[in-house]
Asks: 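A single structure is presented below for examination.
In this text the structure is predicted, and so the values were computed from the model without any measurement.
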Amino acid sequence: MSTGQQAAPAAEKPAYKGWAGIRRAFGTPSAATMAFLGFGCGLPFLPIASMTLSTWLRDIGLDLGSIGLISLASFFYLLKFLWAPLIDRYAFPLTGFLGRRRSWLLVGQAGVGIGLVALAMTRPELGVGPLVGWVLFTSFWGATQDSVVDAYRIEIAPAYAQAALAATYTLGYRIGLIIGGAGALYMADLVSWRSAYLMMGALMLLPLLATLVCREPDAPQSTVQRRIDFLGAFWQPFSSFFQNNGLALGLVLLVFVGLYKFPDQVIGVMSGPFFLDSGYSKSDIATVSKVYGIWAGIAGAFAGGACVAAFGIRAMLLVAALVVALSNLAFLLMAQNPAQLWAFYAAISFDNVSQGFAGTVLVAFIASLTDRNFTATQFALMVSLANLPGKFAGGISGYVVEATSYSTFFVLSAMTVVPTLLLLGWMWKRIREPDADPPPV
């Protein structure tokens, strides 16, 4: 679905807004499947790309600068658009009997499980080389899994249901974050970090089983004359995007998506060390941030899905951008009130509800820009762009904190929303709501 397509007649829109739009969107099948697949995507993220990994490394005495640099080892999540054309064009050879989407999904999930088990066997206190290598391996297969799940979600449901399926996917994803965050921290506190990573590797069997029983999406009714050669699989997704949107708008859309999550992404790497340095125990961090906080994020995600279905996507892009930036300032409560649980709960409430809300809105917006003939490639490109600037900024965030303070860092991160708001103002009249598909029979 692209912005170049014609919108539904104005007379049809009221029937699919408000409560009727919410019921119609969330009534779409495949919700349970998306919850399990979301769980598989969320489970490895913190252990290889964010807070669990950085907390583990801080726990063994690594300095903040090194932790920030090691976090860049998960960069495959930012580059998944480079091999997504192969995922769009071909089935994975050894599992091709499952269909184009499920063949890659099964292999990706298996790769993540193997990588998590291998990470459990590393000894980073003796040298971080093996750990970095297995983070690279796991992030490659995790990124592949993410690309396929994103494509699967778009292809399994009509445009009007994308925000709702993003919400149910987020339910599973954030339960995966609970296990990969709080579950891992509890296990590390009570037993060991090795046991924590072995547990997460074993739990990857759940989404793998869901892949074996779920159905393959129908092939798109393509209006694009695909080239069947290898090179055509790479250039057509990109040329199609600019044909649908035009060069100027297409470039602005890509920059906008790249900046949208920057305030949230830039503080991600420092969250674990900040919590520890503020005087909270690993159990406190697990309970507040990765149990209570995850459920707050789920509530925010469903609120985002409902608001997009009820009010449309354009206004929600503005609301979500503002609340994410403001949520960074909530961490000032913790900086000024170290070791106070009330400040921890207040900051995590604001931050996670905002993240969940904005994540669903952004996914729905990206889905509205995606040509279903090249779903994995275009979605992977835009999701990678949504994480790329903040990820690289996060890599040097430890040095910024050491040179200034946590409080200054949070204020600066909130201010990075200004370019996003300027771009949104330029695009405002050019953004079209996703087409209203005919009601299901």
Side-chain angles (χ1 to χ4, degrees), residues 35-60 62 67 70-77 79-80 83 92 94-95 98 102-149 172-213 269 272 282 285-286 290 294:
F36 276 99
L37 298 185
F39 175 81
C41 293
L43 182 66
F45 184 75
L46 295 176
I48 64 171
S50 191
M51 181 184 154
T52 301
L53 178 64
S54 63
T55 304
W56 178 15
L57 297 178
R58 187 63 168 173
D59 196 35
I60 63 172
L62 217 60
I67 291 172
I70 290 172
S71 73
L72 296 177
S74 60
F75 73 95
F76 278 123
Y77 276 96
L79 302 176
K80 55 189 174 184
W83 65 94
F92 193 84
L94 298 178
T95 53
L98 292 172
R102 293 196 301 150
S103 66
W104 283 97
L105 188 52
L106 186 73
V107 173
Q109 291 163 336
V112 169
I114 291 170
L116 290 171
V117 171
L119 280 168
M121 302 301 158
T122 63
R123 298 279 303 277
E125 65 272 16
L126 303 180
V128 297
L131 178 138
V132 170
W134 282 112
V135 168
L136 287 169
F137 175 89
T138 312
S139 71
F140 173 80
W141 288 115
T144 300
Q145 176 188 211
D146 281 8
S147 292
V148 185
V149 172
Y173 186 92
R174 288 188 172 264
I175 291 174
L177 292 182
I178 291 176
I179 303 299
L185 291 172
Y186 282 133
M187 184 70 77
D189 215 16
L190 296 173
V191 187
S192 67
W193 284 107
R194 172 170 293 184
S195 298
Y197 275 77
L198 286 174
M199 171 193 69
M200 292 181 287
L203 285 173
M204 282 302 298
L205 289 172
L206 293 176
L208 191 148
L209 291 174
T211 295
L212 292 175
V213 301
V269 175
K282 292 193 290 293
I285 297 170
K290 298 306 171 187
I294 295 298

Asks: Distance-only, no hydrogens or angles: does the S147 side chain make a donor-acceptor pair with backbone N or O of A143 under 3.5 Å?
Replies: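 The answer is yes, because a donor-acceptor pair under 3.5 Å joins these two groups.
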
Asks: Specify whether W56 and Y197 have parallel, tilted or perpendicular ring planes, treating 30° as the upper limit for parallel and 60° as the lower limit for perpendicular.
Replies: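 W56 and Y197: tilted rings.
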
Asks: Which pair of non-hydrogen atoms, one from G180 and one from P47, has the smallest distance, and what is that distance?
Replies: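 So the two residues come closest at O-CG, 3.7 Å.
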
Asks: If I compare all heavy atoms of M204 with all of L116, which pair ends up nearest, and what's the gap?
Replies: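 Looks like CG-CD1, 4.2 Å.
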
Asks: My understanding is that only residues two or more places apart in sequence, or in another chain, count here; which of them pass side chain to side chain contact (heavy atoms under 4.5 Å, CB included) with T211?
Replies: L37, R102, L105, L106, Q109

Asks: What distance separates L46 CG from I179 CD1, expressed to the nearest 0.5 Å?
Replies: 11.5 Å

Asks: Are any of the side-chain heavy atoms of F36 and L209 separated by less than 4.5 Å?
Replies: no

Asks: With sequence neighbours left out, what residues match V117 under side chain to side chain contact (heavy atoms under 4.5 Å, CB included)?
Replies: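 Applying side chain to side chain contact (heavy atoms under 4.5 Å, CB included) to V117 gives L198.
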
Asks: List the steps, then state whether side-chain contact (heavy atoms from CB on, under 4.5 Å) holds for L57 with L131.
Replies: CA-CA 10 Å; L57 297 178; L131 178 138; 4.3 Å; yes

Asks: Taking all non-hydrogen atoms of both residues, which atom of A196 and which atom of A184 are closest, and how far apart?
Replies: CB-O, 3.5 Å

Asks: Please confirm whether the backbone N or O of L136 pairs with a side-chain atom of S139, one donor and one acceptor, at under 3.5 Å?
Replies: yes

Asks: Locate the shortest heavy-atom distance separating T122 from L119; write the atom from each residue and the value.
Replies: OG1-O, 2.8 Å

Asks: Donor-acceptor check, side chain of Q145 to backbone of V112, threshold 3.5 angstrom: yes or no?
Replies: no

Asks: List in chain and number order the residues that pass side chain to side chain contact (heavy atoms under 4.5 Å, CB included) with F137, two or more places apart in sequence or in another chain; answer none if no residue qualifies.
Replies: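 Partners of F137 under the side chain to side chain contact (heavy atoms under 4.5 Å, CB included) test: I114, W134, W141.
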
Asks: Looking only at non-hydrogen atoms, find the nearest pair between G42 and L177 and report the distance.
Replies: O-CD2, 3.3 Å

Asks: Nearest 0.5 Å, please: how far is CZ in F45 from OG1 in T138?
Replies: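 So the gap between those two atoms works out to 13.5 Å.
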
Asks: Quick one, R123 with R194, criterion side-chain contact (heavy atoms from CB on, under 4.5 Å). Give me CA distance, side-chain angles, the key distance, then yes/no.
Replies: CA-CA 9 Å; R123 298 279 303 277; R194 172 170 293 184; 4.2 Å; yes

Asks: Identify the two heavy atoms, one from W104 and one from F92, that lie closest to each other, and give their separation to 0.1 Å.
Replies: NE1-N, 3.5 Å

Asks: Say whether T144 and W83, considering side chains only, have a donor N or O and an acceptor N or O under 3.5 Å apart.
Replies: yes

